[in-house]
Each structure stands twice: as C-alpha cells, then as structure tokens.
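Written out below as structure tokens is the structure these notes cover.
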Amino acid sequence: MKMSHLLGERFKETPSDCQIASHALMMRGGYMRQLCNGIYSLYPPARRITRKIEQIIREEMDAVGGQEVLFPVVMPASLWRESGRYESIGSEMARFQDRSGSDVVLGMTHEEAAVQLARGAAKSHADYPFMIYQIQTKFRDEPRCRGGLIRVREFTMKDAYSFHTSQEDLERYYEKCYEAYHRIFARVGVPEVVAVKSDSGMMGGSIAHEFMLLTEIGEDSIVLCDSCGYRSNMEAAQCIVENRQTAQAELKKVATPGVKTIEDLCAFLGVEPEQTCKAVVYQKNEDDSYVVVFIRGDLEVNETKLRNLLQAEIHPAAQITQESGLVPGSIGAVGLNDQIKVVFDRSMEGIQCTVCGANKDGYHFTGVCLERDLAEKPAFFDVAKAFAGGICPACGKPHLRISRGIEVGNIFQLGDKYTRSMGMQYLDREGKLQYPIMGCYGIGVGRLAAAVCEVRHDDYGPIWPMAIAPWQVHICALKAVDAKVKETAETLYDELTKAGIEVIFDDRPVSAGVMFSDADLLGVPLRLVVSPKTCKKGIVEFSARDKSFKEELLPEAVVDAIREKIQQLLAD
C-alpha cells in the first residue's frame with residue numbers, strides 16, 4: 001500500500017470529545033470515523049488490525065475444537081420469548097417490527113440463536129460435546145458510550161457456545177477455553193491481561209470470569225489481593241469486615257434535629273461511621289415497591305449483588321412517598337413498617353450496639369442490637385461493595401486493593417438455563433431425554449484493538465504489536481522527488497512485497513516532519529528511511545517504532561534483516 005492512495009487523513013490536533021489516549025490516537029491516525037453516537041466506520045488501518053485479531057481468535061478457537069458458524073443479526077422476538085429474555089432485557093436491546101408486523105430484535109448476544117441452530121442437529125448423546133462460534137456484528141443500545149471503540153453500540157464480537165452432557169465435561173472444556181483466551185491475549189500483544197471472577201449478569205449461569213486489561217482508564221473496578229493473587233470483578237467480590245465488639249447497651253431514642261446523613265449523625269453524636277447502621281432505599285422496576293437495605297455506615301451497597309438477591313431489576317428511590325411510612329434521614333430497622341421489603345447486609349451481623357434511624361423525623365436510636373431488638377431474627381446477606389484494605393475472601397488478610405480495568409473478554413458456565421427454557425433435549429445412553437448444559441465465551445474485537453492501543457502507545461501514536469499491526473514495515477521516502485531516493489524506495493517496496501512482507505510506503509511529496517508524524521500515528525513496528533543522505537552513504541536507515549533499536553543496512557540486506565526481525569517480534 002502506498003500512502004498516496006491510502007484513504008483517510010491524519011491530524012495533529014486531538015478532537016475535543018476524545019477523553020482517553022486510544023480514542024484520540026485512533027481518531028487522529030485515520031483509523032475510524034464516527035457515524036453517530038457509539039457507532040463508527042473503520043478505515044483500512046483499523047480494519048487490517050481487527051482482521052488480524054479475528055484470525056488469531058479463529059486459530060485458537062479452532063485449536064480447541066470450535067466450529068465456525070454465522071448467526072443472523074436480526075432474529076424473531078419469538079426466539080427470545082422462548083428463553084424469557086425478551087421481557088427481562090431492558091431498552092438496550094433494539095426491538096422493532098418487520099413489514100408484516102412481526103416482532104423482531106437486533107442481536108446483542110446469540111445464546112438463543114445458538115440453541116435454535118443446535119437443537120435440530122444434536123439429538124443424541126453421540127453428538128456431544130461440541131462448540132460453535134461466530135465473529136459477527138452486534139447491537140446494544142448502550143446508554144453510556146465512551147472511549148471510542150471501548151464502549152460502543154454497534155460492535156464486532158466473537159461469541160462461542162459449547163454444549164455438554166455433564167457438568168464435569170463442561171468444566172474440562174471451560175478450562176481449555178480459559179487457557180485459549182490467555183493465548184489469544186498474549187498473541188495480540190497484551191499478555192498482562194488477567195482473569196477475574198465475575199457476575200454472570202443477564203447471561204445467567206453460576207460460574208463466570210472476565211478477562212481484564214488493567215489500566216487507569218478502565219471503566220470496571222477490579223478487586224485484587226497482593227498476598228494471595230485473589231482477583232474478582234467488584235460486582236462479584238465478597239465484602240468481609242471485622243466489626244468492633246462492644247457491649248450491648250440500652251435502646252434509647254435520642255433527638256437529632258436536622259440530622260439527615262451519616263456524616264451529620266457522626267458529628268452530632270461523636271461516633272464513627274462504622275458504629276452506625278445506614279438505610280439505603282431502592283425501588284423495584286417492575287412495581288416501584290420499596291426495598292430498604294441496612295448496611296454499616298461506612299460501606300456502600302453493591303447493586304449487582306442486590307439485584308441477584310432479589311431476582312429483580314432495581315433503581316435508587318428518587319422520591320419517597322409519605323404513604324410508605326419511610327422517613328428520609330431517620331429510617332431504621334426497629335419499628336419499621338413490616339410491609340416494606342428489608343435486606344440486612346452481612347456487615348451488621350453480630351453487632352451488639354449501633355446507631356440507627358428511629359423512623360421519626362429528627363430522631364435516632366442508640367444502643368441498637370438487631371438480633372435483640374427485632375421481633376424476628378434477621379437474615380444477613382452480602383450486598384456490600386468490597387473496599388481497599390478489606391479482608392481478602394481467599395487468604396483472610398486485610399490486603400485488598402482496587403484497580404481499574406478494561407474488560408476484553410468473558411466466559412460463562414451457563415448450565416441448562418437456555419436449553420431447558422427453549423426445549424433443547426437429547427437422548428442419553430439409556431434412551432432418556434436430557435437437557436444439555438452450555439458454556440459461553442466472548443471477545444469484543446474492536447474493544448480489544450482499542451485496549452491494545454491504550455497500553456501500547458507513546459505521546460506520538462500507537463505502537464502496534466507485530467502480530468496485529470496494520471503493516472509490518474513502513475518505508476519513509478524523504479524528498480521522494482529525488483531520483484535516487486525514488487528508485488531505492490520503490491525497489492525496496494517491490495522486493496519486500498514480493499517476499500510476502502506487509503509494507504506501507506509513504507511516497508508523498510511532504511515534509512519529513514509530516515511524514516514521521518504520520519508514521520508515528522500509524523504505529524507500524526519497523527521503519528525504513530530512505531533519503532538523499534542515506535542514498536549518498538549507500539545505506540538504508542532501519543529502526544523500530546518503539547525506538548528499541550536503530551541501525552544502518554545495505555539495501556541488499558534489508559529483506560533478510562526484516563524477515564529476521566519480524567520473526568523475533570512475533571516470538572517475543
């Protein structure tokens with residue numbers, strides 16, 4: 001490819017709406033163009049990168065027995081009604097009617113399509129196990145698009161679905177895919193990706209892992225323990241606390257005029273936040289009924305854990321009606337309306353003396369012991385967020401820390417959630433009908449490309465790993481109007497191309513500053529510079545985009561030297 005023919009422009013200025021490096025560099029470098037909010041068209045450099053990522057994924061999925069298929073983007077709503085997700089998924093799924101008035105959806109994931117495809121073909125135990133995968137466009141009407149390709153509405157994803165006749169077989173295959181994912185991320189140039197336990201969310205299932213690239217711009221919070229290596233997504237991390245043991249005290253109602261927050265309460269009574277019981281009010285989406293969570297005053301509610309516990313979608317209560325009997329700023333567990341759904345966080349278990357609202361405006365209770373003062377002994381559940389310095393659930397040491405990360409892949413053990421709801425069965429060895437169990441394995445292709453850029457760049461542009469770089473070698477012909485420069489550069493371009501090496505050749509009559517700036521933005525790993533100066537010396541300047549080396553080569557030695565360097569970079 002010659003730069004004079006390459007579609008797309010490169011810019012010195014960073015667009016005002018680009019808040020992170022990868023977004024800014026990929027916009028400036030002519031990789032993509034925004035069509036509308038969260039939807040992008042890709043120029044040739046980005047498409048070459050994503051195509052290479054897709055090929056690596058294909059190779060690794062094929063290596064673990066995957067069979068590539070292709071599901072449609074548009075699916076009948078009846079398929080999603082079978083699984084029950086047509087109603088349970090919110091507005092992020094695009095629903096519409098075709099010309100005949102039939103309800104259809106745009107695929108944001110393809111579990112239903114996978115079951116529909118497989119249930120007509122896998123009717124005997126002899127057909128199992130198997131895995132099918134696709135690389136396909138998906139649409140999710142994401143309300144918070146950000147970071148260029150990091151969070152979008154339309155995206156390309158590899159999703160795979162495995163089918164098994166036993167949990168043991170699923171677990172064996174799950175481990176194979178777990179290892180295959182680590183190979184994929186190492187091959188694309190981000191071996192530092194880590195796997196963390198995660199919540200399965202709308203996918204269902206009991207066991208799930210996310211693969212996270214740790215970076216401060218990540219939108220996910222990751223809970224890590226440096227002592228034992230424990231890793232979990234914040235949504236799934238247990239919260240374990242040590243409570244100060246204090247003696248029981250008499251339950252007393254005290255006046256707390258104007259006190260509405262935990263901070264006000266602590267200042268008024270001279271207590272610490274962990275000595276208080278905080279009430280956090282939510283409403284169920286389905287009927288707006290109230291749910292009150294009682295949690296230690298210094299902790300926060302993990303809404304994902306609460307949703308899972310309630311098996312319902314929730315939202316923070318925007319307005320508390322007088323009819324509810326809830327008194328904002330003074331809500332407490334003792335004497336609360338027994339028609340209100342109440343959840344007690346595990347942080348309150350065993351506490352003998354705490355401060356809580358008295359359900360009367362301007363009053364709080366001191367000396368509260370939930371297990372003594374409530375008519376029925378409360379049940380306690382883990383619905384709190386883990387926090388830095390908290391106790392590790394794996395090793396028991398108070399060494400948790402919170403990091404940020406970009407989710408670049410996920411895997412789930414789905415069980416029979418979809419096969420049972422959609423009536424997919426097979427005959428076992430005894431001739432009995434059984435429901436197969438499933439695993440699900442996803443990687444976002446565009447997000448992975450952007451994530452690599454986010455951690456593989458300098459101030460001037462991306463530094464693409466050799467395995468996914470848009471080209472392997474970038475030829476810069478300085479003062480290409482010079483006959484010797486033009487001849488040398490054209491010869492190198494032809495020889496390298498014939499040798500099967502991917503070359504981008506900047507043959508434009510532009511200044512050296514513009515040429516090198518554009519080369520940095522394209523991020524090609526290896527660079528050849530041909531100029532009147534190098535031609536006079538009878539050499540070609542050979543260097544790395546990451547500035548790890550720079551040397552002079554005779555023109556006749558260039559092809560062999562580049563072949564060797566490419567192999568070295570691919571092996572690293």
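On a predicted model such as this, the values are computed, not experimentally measured, just so you know.
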| Carboxylate-amine/guanidinium contact Asp159 Lys138, below 4.0 Å | yes

**Report entry** Neighbour count >12 (heavy atoms, 6.0 Å) for atom CD, Glu300
**Finding:** no

Quiz prompt | Audit row: Met157, Gln136, side chain to side chain contact (heavy atoms under 4.5 Å, CB included) steps and yes/no | solution = CA-CA 6 Å; Met157 186 172 177; Gln136 173 64 293; over 6 Å; no

**Asked** Looking at His182 versus Phe211, is the centre-to-centre ring distance below 6.0 Å?
**Response** yes

Looking at Tyr86, I'd like to know if the NZ or CZ of Arg81 sits under 6.0 Å from its six-membered ring centre while staying within 45 degrees of the ring's axis. yes

Between Met26 and Cys453, is any pair of side-chain heavy atoms under 4.5 Å apart? yes

- N-O pairing of Arg307 and Glu313 below 4.0 Å: yes

- Among side-chain atoms of Gln352 and Thr246, is any donor-acceptor pair under 3.5 angstrom? no

Inset, instruction - Using a 4.5 Å cut-off on heavy atoms from C-beta on, say whether the side chain of Lys252 contacts that of Phe365. - result: no

Can a donor-acceptor pair be found, under 3.5 Å and without considering hydrogens, that links the side chain of Ser421 to the backbone of Lys417? yes

**salt bridge (charged side-chain N to carboxylate O under 4.0 Å, His left out) assessment of Asp361 paired with Lys260** = CA-CA 9 Å; Asp361 190 33; Lys260 298 293 183 181; 2.6 Å; yes

Correct closest heavy-atom pair for Ser324 and Asn337 would be O-ND2, 3.5 Å

Would you say Asn359's side chain and Gly332's backbone share a donor-acceptor pair under 3.5 angstrom? yes

Discussion item. Could you check whether any side-chain heavy atom of Leu265 comes within less than 4.5 Å of a side-chain heavy atom of Thr256, counting everything from C-beta outward?
Written reply: yes

**Request:** Verify side chain to side chain donor-acceptor pair (under 3.5 Å) between Gln167 and Gln413, making sure each step is shown before the conclusion.
**Result:** CA-CA 9 Å; Gln167 178 64 26; Gln413 292 186 25; 2.8 Å; yes

- [ ] Test side chain to side chain contact (heavy atoms under 4.5 Å, CB included) on Cys277 and Met348 and set out the steps.
- [x] CA-CA 7 Å; Cys277 178; Met348 299 308 302; 3.6 Å; yes

Minimal heavy-atom distance between Leu374 and Ala333, with the atoms involved, is CD2-O, 3.4 Å

Review point. Where the side chain of Gln275 meets the backbone of Glu272, is there a donor-acceptor pair that is under 3.5 Å apart?
Key: yes

Hey, does Arg404 have a side-chain heavy atom less than 4.5 Å from the side chain of Thr215? no

Determine yes or no for a side-chain-to-main-chain donor-acceptor pair under 3.5 angstrom, with His457 supplying the side chain and Glu454 the backbone.
-> yes

So, do Tyr282 and His315 have ring centers that fall under 6.0 Å from each other?
no

Decide side chain to side chain contact (heavy atoms under 4.5 Å, CB included) for Val152 and Ile39; before the verdict, give the C-alpha distance in whole Å, the side-chain angles of both, and the deciding distance to 0.1 Å. CA-CA 6 Å; Val152 291; Ile39 298 178; over 6 Å; no

Examine the side chains of Ser330 and Tyr363 and answer whether a donor and an acceptor come within less than 3.5 Å of each other.
-> no

In Met108, Glu142, Arg153, the residue satisfying side-chain contact (heavy atoms from CB on, under 4.5 Å) with Glu92 is Met108

request  = Could you tell me whether a side-chain N or O of His399 sits under 3.5 Å from a main-chain N or O of Ala388, the two making a donor and an acceptor?
outcome  = no

Note: Gln283 and Ala318 closest approach over all heavy atoms is OE1-N, 3.8 Å

Sequence neighbours excluded, the answer for side chain to side chain contact (heavy atoms under 4.5 Å, CB included) partners of Asp416 is Thr419, Arg420, Tyr435, Ile437

- Query: Would you call Arg146 and Asp17 a salt bridge, taking side-chain N to carboxylate O under 4.0 Å as the test?
  - Reply: no

_Assess whether a salt bridge exists between Glu82 and Arg119, defined as any Lys/Arg side-chain N lying under 4.0 Å from an Asp/Glu carboxylate O._
yes

Legend entry - Backbone N/O of Ser78 and side chain of Asp103: donor-acceptor pair under 3.5 Å: no

Under the side chain to side chain contact (heavy atoms under 4.5 Å, CB included) criterion, do Gln248 and Arg372 qualify, and how do the steps go?
CA-CA 10 Å; Gln248 286 191 9; Arg372 180 197 65 190; 3.3 Å; yes

Margin query: Run the side chain to side chain donor-acceptor pair (under 3.5 Å) test on Ser162 and His164 for me, step by step, so that the C-alpha distance in whole Å, both residues' side-chain angles and the decisive distance to 0.1 Å come before the verdict.
Written below: CA-CA 7 Å; Ser162 64; His164 309 266; 2.8 Å; yes

- [ ] Answer yes when Asp287 and Lys284 have at least one side-chain N-carboxylate O distance shorter than 4.0 Å, and no when they do not.
- [x] no

Open item on the list: Check whether Asp169 reaches the backbone of Thr165 with its side chain - one donor and one acceptor, N or O, closer than 3.5 Å.
Closed with: no

- Message: If you apply the rule salt bridge (charged side-chain N to carboxylate O under 4.0 Å, His left out), what do you find for Arg85 with Glu111, and how did you get there?
- Response: CA-CA 10 Å; Arg85 291 205 296 177; Glu111 284 76 12; 3.0 Å; yes

task: Please confirm whether the backbone N or O of Gly350 pairs with a side-chain atom of Glu371, one donor and one acceptor, at under 3.5 Å?
output: yes

Does Cys392 reach the side chain of Cys228, with side-chain heavy atoms less than 4.5 Å apart? yes

- Item | Residue pair Ile57 / Val445, side-chain heavy-atom distance below 4.5 Å | yes

Parallel, tilted or perpendicular for Tyr174 and His209, by the 30°/60° rule?
tilted

Heavy-atom check, side chain of Val383 versus side chain of Val293, under 4.5 Å:
yes

Rounded to the nearest 0.5 Å, the CD atom of Glu154 sits from the CG atom of Asp141 at a distance of 11.5 Å

Would you find a donor on one side and an acceptor on the other, under 3.5 Å apart, between the side chain of Ser102 and the backbone of Asp98? no

### Query
In this structure, are over 12 heavy atoms from other groups packed under 6.0 Å from Gln322 atom CD?
no

For residues Thr366 and His364, is any side-chain donor paired with an opposing acceptor at under 3.5 Å? no

Q.
Check Glu274 with Arg296, please: is the shortest side-chain N to carboxylate O separation under 4.0 Å?
A. no

* Donor + acceptor pair across side chains of Gln238, Asp382 (<3.5 Å) -> no

Note: Met75 and Ala113 closest approach over all heavy atoms is SD-CB, 3.8 Å

Considering residues, nucleotides and ligands other than Glu175, do more than 12 of their heavy atoms fall under 6.0 Å from its CD?
yes

Output for pair (Ile240 CD1, Ile391 CD1), nearest 0.5 Å, gives 6.5 Å

* Find out whether Phe155 and Arg447 are in side-chain contact, i.e. whether some heavy atom of one side chain is under 4.5 Å from a heavy atom of the other. => no

- [ ] Determine yes or no for a side-chain-to-main-chain donor-acceptor pair under 3.5 angstrom, with Asn233 supplying the side chain and Ala236 the backbone.
- [x] no

To the nearest 0.5 Å, atom CG of Leu25 lies from atom CG of Asp459 at 9.0 Å

- Message: Is it true that, when you exclude Arg95 itself, more than 12 heavy atoms of the residues, nucleotides or ligands shown sit nearer than 6.0 Å to its CZ?
- Response: yes

Worksheet entry | Asn410 and Glu210: side chain donor to acceptor below 3.5 Å | no

### Message
Less than 4.0 angstrom from a charged side-chain N to a carboxylate O is my criterion; do Arg151 and Glu219 meet it?
### Response
yes

